[in-house]
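Since this is a predicted model, take the numbers as computed values, not measurements. To find a chain, count down the sequence lines: A is the first, B the second, and so on, and within it residues start at 1.
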Protein chains: 2
Amino acid sequence: MTTADVRMAEVAALIGDPARANILSALMGGQALTAGELVRAAGVSPQTTSGHLAKLADGRLIACIKQGRHRYYRIATPRVAEMLEGIMAVVADAPPRHRPPSKLDEAMRNARTCYDHVAGKLGVALTDALCARGHLVLTREGGEITDSGAAFFERFGVDLAAARHRRRIFCRPCLDWTERRPHLGGTVGAVLAQRCLDLKWLQRMRDSRALLITPAGRQGLSETFGLSL
Amino acid sequence: MTTADVRMAEVAALIGDPARANILSALMGGQALTAGELVRAAGVSPQTTSGHLAKLADGRLIACIKQGRHRYYRIATPRVAEMLEGIMAVVADAPPRHRPPSKLDEAMRNARTCYDHVAGKLGVALTDALCARGHLVLTREGGEITDSGAAFFERFGVDLAAARHRRRIFCRPCLDWTERRPHLGGTVGAVLAQRCLDLKWLQRMRDSRALLITPAGRQGLSETFGLSL
DNA sequence: CTGATATTACGGTCGTGACCGAAGTATTCG
DNA sequence: CGAATACTTCGGTCACGACCGTAATATCAG
């Protein structure tokens with residue numbers, strides 16, 4: 001009908017191919033990945049993957065940086081990441097239909113990145129802990145870091161004040177598609193995740209969005225957030 | 001890769017067909033529409049439209065209510081509506097590419113519904129007016145009705161207190177794809193739009209999401225919000 | 001009941017796009 | 001320089017799905 005509708009169909013069609021969905025999902029891990037790594041994620045041949053990457057880039061869903069003989073691809077904008085989260089959210093509250101619970105998904109369900117913050121059981125648990133301690137107030141519509149929360153993050157080694165001035169949404173709930181409950185997103189979620197990675201509490205798994213909790217992480221998360229994992 | 005990714009591709013593929021995108025876009029008008037009305041929106045034959053409707057319903061993106069010899073279709077859940085808005089938002093800040101500004105879109109650009117609230121020039125102007133008068137505070141991440149705002153809505157004949165207890169997000173910004181600026185969404189946006197329709201200030205156009213500003217509306221919007229339209 | 005409208009089901013055509021093999025460009029390394 | 005790696009372009013095959021014509025079902029009006 002209108003010009004916007006056809007653009008909407010174009011964008012959706014880009015996401016609507018399984019191989020491209022795999023690529024986008026892999027990039028939702030938050031890291032820029034090379035074409036080669038995305039070949040593994042896509043599950044099709046390098047030639048085909050290359051074509052898909054060209055289409056996604058042409059549609060401005062992903063961006064490409066050439067670096068030597070590698071090409072690094074990433075989600076183009078936070079807006080695109082939010083759109084993909086929105087689709088995930090719809091998928092999440094869809095009926096369980098037939099569910100063959102793959103074991104591959106097991107690690108994902110436990111802990112994974114959601115673009116740039118932590119999701120899965122761990123993400124939800126972290127969020128719950130912050131709320132229970134009065135550091136965070138989350139509603140359906142948004143979230144807020146309390147004064148005690150600001151102090152906590154300071155102690156934890158995160159510069160929230162700097163993060164507050166970024167362009168992105170500062171603090172918001174993000175629906176977890178495995179737990180079906182919200183976890184912490186936005187800039188706050190991102191810096192929290194980054195800090196956990198910096199501390200080597202969490203570790204990215206190769207070619208996956210899944211996160212591994214290190215022994216140090218197990219201890220730190222227990223001491224700092226009271227999580228028994 | 002994972003089961004969620006393939007579901008994401010399935011959902012996106014549903015939206016990715018032009019005819020189905022037209023249907024969804026029409027339903028984003030917020031009204032339940034009959035299959036016949038959606039035939040016009042889709043731009044394909046009744047048989048084909050029927051097939052599309054079945055697929056969308058099967059994918060839980062739309063819901064169907066039989067009523068006599070009509071079947072009324074509507075967007076299945078607010079979550080689905082938010083997902084579609086998310087896609088629209090990405091389309092909105094994409095490069096203008098080639099833009100053949102259709103005149104059909106003109107009315108849409110001026111005023112239209114966005115699922116259940118007002119968008120377009122009018123939607124943004126209303127939102128700006130509420131902010132300028134200190135009735136509303138909108139940030140990128142959320143929004144809040146001030147005390148003066150609550151009083152204003154009370155005077156305007158809207159029961160905000162009742163609306164506050166609904167399941168839906170209460171107050172939030174929604175990126176306008178024509179104006180490229182946020183307008184008021186959430187429950188507050190919905191009740192505001194409903195009140196304007198009840199007052200006959202706005203009128204839905206047949207088979208379109210576009211809204212017509214009535215003479216009474218012109219006057220009322222000027223007196224109440226200081227809008228010169 | 002008959003005729004009209006609304007909607008879905010079936011069957012067959014056709015085009016688009018996903019796919020891979022082979023070959024081509026670019027970059028690094030020895 | 002030549003070999004190896006990283007990635008893309010080209011060309012051709014094939015299948016899925018969008019489409020419509022025809023026909024069936026359901027509801028309503030007279």
Side-chain angles (χ1 to χ4, degrees), chain A residues 1 5-27 31-74 206-207, chain B residues 1 5-27 31-74 206-207:
Chain A
M1 219 52 163
D5 298 352
V6 13
R7 285 276 299 140
M8 176 165 87
E10 284 170 11
V11 168
L14 277 178
I15 311 168
D17 175 84
R20 286 193 295 263
N22 285 335
I23 290 170
L24 290 170
S25 180
L27 290 175
Q31 289 183 114
L33 299 174
T34 65
E37 290 169 315
L38 291 171
V39 165
R40 283 192 290 272
V44 292
S45 74
Q47 312 87 299
T48 304
T49 302
S50 177
H52 286 312
L53 289 172
K55 282 180 188 172
L56 288 170
D58 188 56
R60 312 294 177 126
L61 296 189
I62 64 176
C64 178
I65 310 166
K66 282 185 70 169
Q67 215 166 95
R69 59 179 163 180
H70 292 288
R71 294 198 186 190
Y72 282 91
Y73 289 92
R74 60 172 175 82
R206 180 181 166 81
D207 288 334
Chain B
M1 216 54 161
D5 298 353
V6 12
R7 286 277 297 142
M8 176 163 89
E10 283 170 13
V11 168
L14 277 178
I15 311 168
D17 176 83
R20 286 195 294 262
N22 285 335
I23 290 170
L24 290 169
S25 180
L27 289 175
Q31 288 183 116
L33 299 174
T34 66
E37 291 169 314
L38 290 172
V39 164
R40 284 191 289 273
V44 292
S45 73
Q47 311 88 299
T48 303
T49 303
S50 176
H52 286 312
L53 290 173
K55 282 178 189 175
L56 288 171
D58 187 57
R60 314 294 177 124
L61 295 189
I62 64 177
C64 177
I65 309 166
K66 282 185 69 168
Q67 216 166 94
R69 60 177 162 178
H70 291 288
R71 294 198 184 189
Y72 283 89
Y73 289 91
R74 61 174 173 81
R206 180 182 167 79
D207 287 333

Under 3.5 Å donor-acceptor pairs involving side-chain atoms of residues 49-57 of chain B, not counting sequence neighbours:
unit_1: B:Thr49; atom_1: OG1; unit_2: B:Ser45; atom_2: O; d: 2.9
unit_1: B:His52; atom_1: ND1; unit_2: B:Arg20; atom_2: NH1; d: 3.1

Protein-nucleotide distance (A:Gln47, atom CD; C:dC19, atom C1'), rounded to Å
9 Å
Which atoms form the tightest heavy-atom contact between B:Tyr73 and B:Ile62, and what is the distance?
CD2-CD1, 3.5 Å
Under 4.0 Å between any heavy atoms, over every strand shown, what does A:Tyr72 touch: base, sugar-phosphate, or nothing? Just pick one.
nothing
I need the CD-P distance between B:Gln67 and D:dT27, as an integer number of Å.
13 Å
Minimum-distance nucleotide to A:Lys55 side chain [options: D:dT8, C:dG17, C:dT8]:
C:dG17
B:His70 NE2 to D:dA29 P, straight-line distance once rounded to whole Å
10 Å
Testing the basics here: between A:Asn22 and A:Ala42, what is the closest heavy-atom pair and its distance to 0.1 Å?
ND2-O, 3.4 Å
Which of the following nucleotides, C:dT7, C:dC29, D:dT8, is nearest to the side chain of A:Arg69?
C:dC29
Under 4.0 angstrom, heavy atoms only, what part of the nucleic acid is A:Thr49 near: base, sugar-phosphate, or nothing?
nothing
Expressed in angstrom and rounded to an integer, what is the separation of A:Leu53 atom CG from C:dA18 atom C1'?
14 Å
Over how many whole Å does the gap from B:Asp17 atom CG to D:dC19 atom C1' extend?
10 Å
Could you check how far CD1 of A:Ile23 sits from P of C:dC19, rounded to whole Å?
9 Å
What integer distance in Å separates B:Leu33:CG from C:dT7:P?
11 Å
Among D:dC19, C:dC20, C:dT7, the one nearest A:Thr48 by side-chain distance:
C:dC20
Could you give the NE2-to-P distance, from A:His52 to D:dC7, as a whole number of Å?
16 Å
